[in-house]
2 protein chains.
Amino acid sequence: MLELPTRRRAIENVASGLFRERGYAATSIRDIARALDVQGSSLYAHVTSKEDVLWTIVERSAEAFEQAAARSLAGLPASAGAAESIAAFVRAHVAVIASDPELANVFVHEWRHLTGERRRAILARRDAYEARLRDIVGRGMTDGELLPTDPAIAATFILTALNGLATWYRADGRLPPDRIADHYVGFAVRALTEDHR
Amino acid sequence: MLELPTRRRAIENVASGLFRERGYAATSIRDIARALDVQGSSLYAHVTSKEDVLWTIVERSAEAFEQAAARSLAGLPASAGAAESIAAFVRAHVAVIASDPELANVFVHEWRHLTGERRRAILARRDAYEARLRDIVGRGMTDGELLPTDPAIAATFILTALNGLATWYRADGRLPPDRIADHYVGFAVRALTEDHR
DNA sequence: GGCATCCAACCTAACGTTCGTTAGGCGCGC
DNA sequence: GCGCGCCTAACGAACGTTAGGTTGGATGCC
């Protein structure tokens, strides 16, 4: 189960860092190689193409988001309401980003440089992930626990705010991930619930 | 005052469309030219470099956001509270994006491909724009009108959610811009205000 | 009207560079 | 001695950009 650090993995790590910093299209194979103190052509002993590197990173990140959300929501008591579910979802999402912001950023932004079937597949997974939050929100609204607004717009509002983290989060930032998650949970839940003033 | 449609402007329009769709680095001069049914080299009669096109687009978009925010906030009564100010800011931001999502998206995402002084300058303007919202939020919190959370985190949460619009907004979408703005204003204001349940 | 002039807009051709990628070989540790 | 990790060299294609020439319609003047 434990993943040992192969050369391939090292390539993916520096690649995701550069992809986050400059974007996939503006990062060349030789840029990645230079960061590893190696010639560009040497990378092809470990990867089959540049897009293949992107694909692997996107896959790993998608897996991380999906599993974190699934685990987090499965751990909820059966009696959990929409607010609790949203809180769990937000916390899981923030934790995934904070644990590897470079990886997460590629899932959030750089997936669109995939082509053909891979692009189609990752788009479907992104949709399914978003649908997870949208369904929680939709159910909360029909139950009357959440303000009756538009579930799709509401879910997108929250998810795009969460994804912003993948851009600006820095491990050496002012607030630790848990504090950020606390705030974000508060914003997300209050955004969708009535205030009785 | 009226801007007549020059050739240069036509180039910027198709360029911002392609930049939004594929990103600046993945869009070649020849791509832009092809969309205008022209040879790549022909563009250089109208622009001095590819980055120059990006720069002009970013500038125009920055102007649009700044002016919309300034106008919108200046139009508020002196008695306006933080909630009203946030509502005005959100509405202005949404309107700018909806009126030209391609242009807005370049300001939101593609500015980082600028280099040197231009990059520095646009970063400062982005910071100033964000500070505008952060100040409103900060004042609202010290006044007690808003929940005392972290003003920087709160402003970033809202602004990144707003900027998400620049990615997903489509003119032929399900909801008109005003309806989207209504929802977004609600989410943003409730996120920062107490609910007394 | 006829003619020279102008100018914006476009063309073809080519430049030097960088791109992703392939081929074939070399050295070092198990 | 086998194989992993790297090398040099090179490929064709695409990149941003420059140079110099052609077009066609408007303008000014006789």
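Proteins come first, then strands; the chains are lettered A, B, ... in the order of their sequence lines, and each starts at number 1.
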request  = Side chain of A:Val38 only, please: which of C:dC10, C:dT21, D:dC7 is the nearest?
outcome  = D:dC7
ask   = In terms of hydrophobic clustering (I, L, V, M, F, W, Y; side-chain heavy atoms under 4.5 Å; direct or indirect links), are A:Phe89 and A:Val94 co-clustered?
value = yes
Nucleotide D:dG5, atom P - distance to CD of A:Gln39 in whole Å = 17 Å
key: Whole angstrom value for the distance that separates C1' of C:dT21 from NZ of A:Lys50   = 12 Å
request  = Tell me whether the OP1 or OP2 atom of C:dC10 has a side-chain N or O from B:Arg7 closer than 4.0 Å.
outcome  = yes
ask   = At under 4.0 Å, does any side-chain N or O of A:Arg30 touch on OP1 or OP2 of C:dT21?
value = no
message = OP1 or OP2 of C:dC11 versus the side-chain N and O atoms of B:Ser42: is any pair under 4.0 Å?
response = yes
request  = Assess the side chains of A:Arg30 and A:Ser41: does a donor N or O sit below 3.5 Å from an acceptor N or O?
outcome  = no
query = Tell me: OH of A:Tyr44 to P of D:dA10, nearest whole Å?
reply = 19 Å
key: B:Asp182 with B:Arg91: basic N within carboxylate O range, under 4.0 Å   = yes
query = For the pair made of CD1 in A:Ile29 and P in D:dC7, what is the distance, rounded to whole Å?
reply = 14 Å
query = Do A:Ser41 and D:dT8 share a donor-acceptor pair, side chain to base, under 3.5 Å?
reply = yes
Atom-to-atom span, CD1 of A:Ile32 to P of C:dG20 - whole angstrom = 8 Å
request  = Using a cut-off of strictly less than 4.0 Å, decide whether A:His46 has a side-chain nitrogen or oxygen near OP1 or OP2 of D:dC4.
outcome  = no
task = Calculate the interatomic distance between B:Ile11 atom CD1 and D:dT17 atom P; express it in whole Å.
result = 13 Å
request  = Provide, to the nearest angstrom, the distance between the CG atom belonging to B:Asp52 and the C1' atom belonging to D:dT17.
outcome  = 13 Å
query = Rounding to a whole Å, what distance do you find between A:Leu43:CG and C:dC19:P?
reply = 13 Å
query = Looking at side-chain heavy atoms only, is the closest gap between A:Arg174 and B:Asp150 below 4.5 Å?
reply = yes
query = In terms of the nearest nucleotide of DNA chain C, which residue is placed more toward the 5' end: A:Thr48 or A:Arg34?
reply = A:Arg34
message = I'd like to know whether B:Asp100 forms a side chain to side chain contact (heavy atoms under 4.5 Å, CB included) with B:Glu102, so could you lay out the CA-CA distance, the side-chain angles of the two residues, the decisive distance to 0.1 Å, and finally the verdict.
response = CA-CA 6 Å; B:Asp100 196 336; B:Glu102 290 83 17; 3.3 Å; yes
request  = Could you tell me whether the phosphate oxygens of C:dT18, OP1 or OP2, come under 4.0 Å of any side-chain nitrogen or oxygen in A:Ser28?
outcome  = no
